Enquirer: 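Input: one structure, supplied below.
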Amino acid sequence: MPFEFSPQKLVYGGEALGYAQGRTVLVPRVLPGERVEVEPVRIAKGVVHARPLRILEAAPERITPPCRYFGQCGGCHYQHLDVERQVCWKADIVRETLQRIGKIAWDREIRIHQANPWNYRNQAQLKVMTAESGDTALGFFAAESHQLVPIEECLILSPRLNSILGQLRQPRWLGRLRGCTEVELLANDQDDRVRITLHGNPEADAPERLADDLLQQLDGVASVVILEGRGTRLYGESVFTYRVGEFKYRLSPGAFFQSSRYLLPELVKSVTDAEPGDFALDLYAGAGLFTLPLGRCFERVIGVESHPAAAGDLQANAESHGFKNIRAVRQTTSDFLRRFAQKDPDLVVLDPPRCGVGNSALKYLIDLQPRRVHYVACHPPTWARDLACLLAGGYRLEEVEMFDCFPHTYHIECLARLVRPDLASR
Ligand SMILES: C[S@@+](CC[C@H](N)C(=O)[O-])C[C@H]1O[C@@H](n2cnc3c(N)ncnc32)[C@H](O)[C@@H]1O
């Protein structure tokens, strides 16, 4: 049954939270201060998830979403708010998460980094679906669903990726994508070279013929990867690179790379900004985005990365830049820390996936007694949980920064700088 609802605040995950009929209610695309008619969709752990039916009284800050797919496509969450207000809410969410999950009362500044809020994504995971009629479509999934929303253009994708999307959705290409489940696009820093990764088994063509035509006929396509089952076939240029500042990173298929392009140099600068020292650890190092700049600042650096392709890139990137002082270790952070005996790193950089670092690995880390820890995270809840553990282990939170790498979505990149006051002057 529909009911009336007045949200109180925006919360992590893109929804607005409020209370109705004695229950907590979460609703997307509505704003605090509004009166809305909503309809329950499901109840999970006592919380009612509902969808908005009608705005009965709009908040003054509500704007018309610039994207015509907003509300259907699940990619964006905040296009009904201008970017400045989005950022204010995101900073509030970071503070609230630190308090609620980490029990950390952070009332000092959160330094905010912002850039162009449009065309910022250098990567896209386009879904491919074929209807019973045989028609194939390309687009993104609707929120919390596997229902395809066909897309002509996405305002947060780089211009090059939009141009490729525009071409791929023409019937002559769509038919040839049948049998694929996903088309993954990665553009380089100049937005002039693209790697296309096809997941699945293209039915209409021999894979090499399709790859060849994509390479020849789509402007800017430098390589094509076809991932089918456990096999990987690569066509075109064998090495794909992305430049950030003075470093050029080799990125292999399957290896993680940051997907927001404008704030990357600023993120790298903030994360690696430290006094020169003897020894730094970069845990969850990926292809070495932070490891290489750390190699300029520290006598010795160890980068730890568990994904085989990313660990290979880390090693190759350190070598291609002539770093003799960087060691790439292919291991999980937890396994590495459990066996690593050398104490007293000057700096440890942490950049884990959404699940965070976790208590047991943090315990090993605290035992190593790093002087400083820079913890960058894409998932504030696990970041706040882990920060609480570091504070209990003797660390002091010195600075919090927020990178609005993903405007119009609820995603946030956070950075915490911590120090062990008793070791700081070591
Ligand atoms: C958020 S990414 C950060 C990568 C890199 N710092 C960057 O910014 O490009 C997290 C990385 O941790 C790696 N990873 C995931 N679980 C790991 C683990 N348990 N131990 C070590 N690395 C892990 C992933 O493969 C991924 O490359």
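Both counts, for ligands and for their atoms, begin at 1 and track the order of listing. Quick caveat: nothing in here was measured; it's all calculated off a predicted structure.
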Enquirer: Where is the nearest protein heavy atom to atom 12 (O) of ligand 1: which residue, which atom, and how far?
Expert: Y284 CB, 3.4 Å
Enquirer: Only heavy atoms count here, so choose which of S259, G288, G303, A285 is nearest to atom 5 (C) of ligand 1.
Expert: A285
Enquirer: Which part of S334 is near ligand 1, with near meaning a heavy atom under 4.0 Å away: side chain, backbone, both or neither?
Expert: neither
Enquirer: For R209, does the CZ atom sit with more than 12 other heavy atoms under 6.0 Å from it, leaving out its own atoms?
Expert: no
Enquirer: Answer yes if the side chains of S270 and E266 hold a donor-acceptor pair under 3.5 Å, and no otherwise.
Expert: no
Enquirer: Please could you name the atoms of ligand 1 that T332 approaches to less than 4.0 Å, counting only its heavy atoms?
Expert: 19 (N), 20 (N), 21 (C)
Enquirer: To check you understand the geometry: which heavy-atom pair defines the closest contact between L157 and A124, and what is its length?
Expert: CD2-CB, 3.6 Å
Enquirer: What protein heavy atom sits nearest atom 20 (N) of ligand 1, and how far away is it?
Expert: T333 N, 2.9 Å
Enquirer: Tell me whether the rings of F406 and Y120 are parallel (<30°), tilted (30 to 60°) or perpendicular (>60°).
Expert: perpendicular
Enquirer: Would E228 and R233 count as a salt bridge (Lys or Arg N to Asp or Glu O under 4.0 Å) if you check the C-alpha gap in whole Å, the side-chain angles of each, and the deciding distance to 0.1 Å?
Expert: CA-CA 8 Å; E228 184 204 336; R233 278 175 284 189; 2.9 Å; yes
Enquirer: Run the side chain to side chain contact (heavy atoms under 4.5 Å, CB included) check on L397 and L391 step by step: do they pass?
Expert: CA-CA 7 Å; L397 186 54; L391 297 197; 4.2 Å; yes
Enquirer: Could you tell me whether the side chain of N188 reaches within less than 4.5 Å of the side chain of R160, counting heavy atoms only?
Expert: no
Enquirer: With heavy atoms under 4.0 Å as the rule, classify the contact between F257 and ligand 1 as side chain, backbone, both or neither.
Expert: neither
Enquirer: Think R420 forms a cation-pi with Y395, using NZ or CZ under 6.0 Å from the six-ring centre and within 45 degrees of its axis?
Expert: yes
Enquirer: Taking C-beta and beyond as the side chain, do V348 and L368 meet within less than 4.5 Å on heavy atoms?
Expert: no
Enquirer: Under 4.0 Å, counting heavy atoms only: does P353 come that close to any atom of ligand 1?
Expert: yes
Enquirer: Between D351 and ligand 1, find which residue part has any heavy-atom pair under 4.0 Å and reply side chain, backbone, both or neither.
Expert: both
Enquirer: Of all the atoms in ligand 1, which lie at a distance below 4.0 Å from a heavy atom belonging to H307?
Expert: 25 (O)
Enquirer: Can you list the ligand 1 atoms lying under 4.0 Å from a non-hydrogen atom of G286?
Expert: 4 (C), 5 (C), 27 (O)
Enquirer: Nearest protein heavy-atom contact for atom 24 (C) of ligand 1: which residue, which atom, what distance?
Expert: E305 OE2, 3.4 Å
Enquirer: Between Y78 and Y410, is the ring centre distance below 6.0 Å?
Expert: no
Enquirer: Which ligand 1 atoms are under 4.0 Å away from a heavy-atom of Q258?
Expert: 7 (C), 8 (O)
Enquirer: Tell me which part of F256 gets within contact of ligand 1: side chain, backbone, both or neither, using heavy atoms under 4.0 Å.
Expert: side chain
Enquirer: Distance under 4.0 Å to a non-hydrogen atom of F290: what atoms of ligand 1 satisfy this?
Expert: 6 (N), 8 (O)
Enquirer: Nearest to atom 14 (N) of ligand 1, what protein heavy atom do you find, and at what distance?
Expert: S306 OG, 3.6 Å
Enquirer: Report the part of P352 in contact with ligand 1, treating N, CA, C, O as backbone and CB onward as side chain, heavy atoms under 4.0 Å; options are side chain, backbone, both, neither.
Expert: backbone
